[in-house]
Asker: 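First the structure, then my questions, so here it is.
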Number of protein chains: 2
Amino acid sequence: MARKYSERGEIVPVLAEIFREHGFSGASLSEISKRTGLGKGSLYHFFPGGKDEMGQAVLDDVANWFELNVFRPLRESEDPAAGIDHMFKATARFFHSGRRICLVGSFALDETRDRFAQAIHGYFAAWVVALEAALRRKGFEGTRARETAEDVVAGIQGALVFARSQDDPRLFTRALRRLQRQTEAA
Amino acid sequence: MARKYSERGEIVPVLAEIFREHGFSGASLSEISKRTGLGKGSLYHFFPGGKDEMGQAVLDDVANWFELNVFRPLRESEDPAAGIDHMFKATARFFHSGRRICLVGSFALDETRDRFAQAIHGYFAAWVVALEAALRRKGFEGTRARETAEDVVAGIQGALVFARSQDDPRLFTRALRRLQRQTEAA
DNA sequence: GTCTATAAAGCGATAGAC
DNA sequence: GTCTATCGCTTTATAGAC
């Protein structure tokens, strides 16, 4: 039979969606097999380390996307305000305007965190550091750049949880707009 | 043998901690049996509906605690500012100053939400409504009371996720202080 | 690279003795 | 009210044919 995927990179986004829906421990190999269309043999061919390696691959993929679409623009945008604006747009897009939860945040909550401690820590830390630097370039002084960065990054996570709890994605997009306003004051 | 618990209410806090650590789907009956010291027979005596009934009991218990210690003071405090101050103190205490995650938020993220949709929706909705009313009594006008209430409730959730991702509870307590400041402006 | 078959362990849940 | 034994099923993971 012709191979369905030429490399495991094409499978990773499917895995990500499954982990988002069920969490790490709730995602079963049979569900993964069904949704990817691959038998267990093929899955273990691409991911010899099993579920753990799938989880790591998914986290790496997310980290990569944010590095490219969020962190780098924050760092390298000549105008820091443009970089921050870009961040909010990319964030809204990534989380499907509030219909999608944050996989890293969901992994952070339970004992799954301990398996992927470094990736989870690094994701949020990199985001806060990049945003803090942009805010500082924009004129935020003293502890205020760091604090605002933390509030915005945490606020995004919280808005995703809250919007999902109410089954209303607009709660996310509206919260995002108010968080952006926090980054605009001189 | 003498009975260990006279009623299931005494077991519920133990269940809550297990669900917080492992999530709903990650918490196994054998772990529950070990930590409560009760055999499966006893567990099914107290919770004939099995794990689902345990989850519901835990959510009810949390809702009860917040109704008593957070929502009611917000509504009934003669001075709304005192009610809000009480809310932040009770919240810090409940989440063990950031060392404990929010069980309802963790249930909200994955497919567990669908099993307990009403309880999860109700918890956050009640919190926002109670805080919004207190802010309005305090002088917040128009959409600002509602928006600030949403930002604070979501901000608490996000700060819990962020603090846990960095394994640093102080990130929570500091975020809490800044959220409180948002409720103080006239 | 893909599949099926299967292993070994763990799952939630039940039965029935005490 | 508590326990142990057990059911039937699902889990992750492996083996081996093609």
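Just so it is clear: chains get the letters A, B, ... in the order the sequence lines come, proteins before strands, and each one is counted from 1.
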Asker: For B:Lys34 and D:dT2, what is the distance between atoms NZ and C1' respectively, to the nearest whole Å?
Answerer: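 Result: 20 Å.
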
Asker: Between C:dG10 atom C1' and B:His22 atom NE2, what is the distance in whole Å?
Answerer: 15 Å

Asker: Take A:Glu31 and A:Gly41, find for each the nucleotide of DNA chain D with the closest heavy atom, and name the residue whose nucleotide sits nearer the 5' end.
Answerer: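 Checking each residue's closest nucleotide, the 5'-ward one belongs to A:Glu31.
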
Asker: Rounded to whole angstroms, how far apart are CZ on A:Phe46 and P on C:dC3?
Answerer: 10 Å

Asker: Counting heavy atoms not belonging to B:Arg72, are there more than 12 under 6.0 Å from its CZ?
Answerer: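 Check passes, neighbour count above 12.
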
Asker: Between A:Phe172 and A:Phe162, is the gap from one ring center to the other below 6.0 Å?
Answerer: no

Asker: Please report, rounded to the nearest Å, how far the C1' atom of C:dG1 is from the CD1 atom of A:Ile11.
Answerer: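 Between C1' of C:dG1 and CD1 of A:Ile11: 11 Å.
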
Asker: Measure the distance from CG on B:Leu43 to P on C:dA15 and round it to the nearest whole Å.
Answerer: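 Computing the B:Leu43:CG to C:dA15:P distance gives 17 Å.
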
Asker: Mark yes or no: A:Arg136 above the aromatic ring of A:Phe140, with NZ or CZ under 6.0 Å from the six-membered ring centre and no more than 45 degrees from the axis.
Answerer: no

Asker: Could you please name the option among D:dT11, C:dC11, C:dT2 that lies closest to any side-chain atom of B:Ser28?
Answerer: C:dC11

Asker: At under 4.0 Å between heavy atoms, what does A:Lys51 touch on the DNA or RNA strands: base, sugar-phosphate, or nothing?
Answerer: sugar-phosphate

Asker: Nearest to the A:Tyr44 side chain among C:dA13, D:dT2, D:dT12, which nucleotide is it?
Answerer: D:dT12

Asker: Taking only side-chain N and O atoms of A:Ser30, does any of them lie within less than 4.0 angstrom of OP1 or OP2 on D:dT11?
Answerer: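 Yes, within the criterion.
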
Asker: If I take atom CZ in residue A:Phe47 and atom P in nucleotide C:dG1, what distance separates them, rounded to the nearest angstrom?
Answerer: 13 Å

Asker: Kindly point out which of C:dT2, D:dT2, D:dT14 is positioned nearest to the side chain of A:His45?
Answerer: C:dT2

Asker: Can you measure from CZ (A:Arg137) to CD (A:Glu132) and round to the nearest 0.5 angstrom?
Answerer: 12.5 Å

Asker: I'd like to know if B:Asp79 and B:Lys138 make a salt bridge, using a cut-off of under 4.0 Å between side-chain N and carboxylate O.
Answerer: no

Asker: What integer distance in Å separates A:Leu29:CG from D:dA13:C1'?
Answerer: 8 Å

Asker: In whole angstrom, what separates A:Lys40's NZ from D:dG16's P?
Answerer: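 Answer to the nearest Å: 18 Å.
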
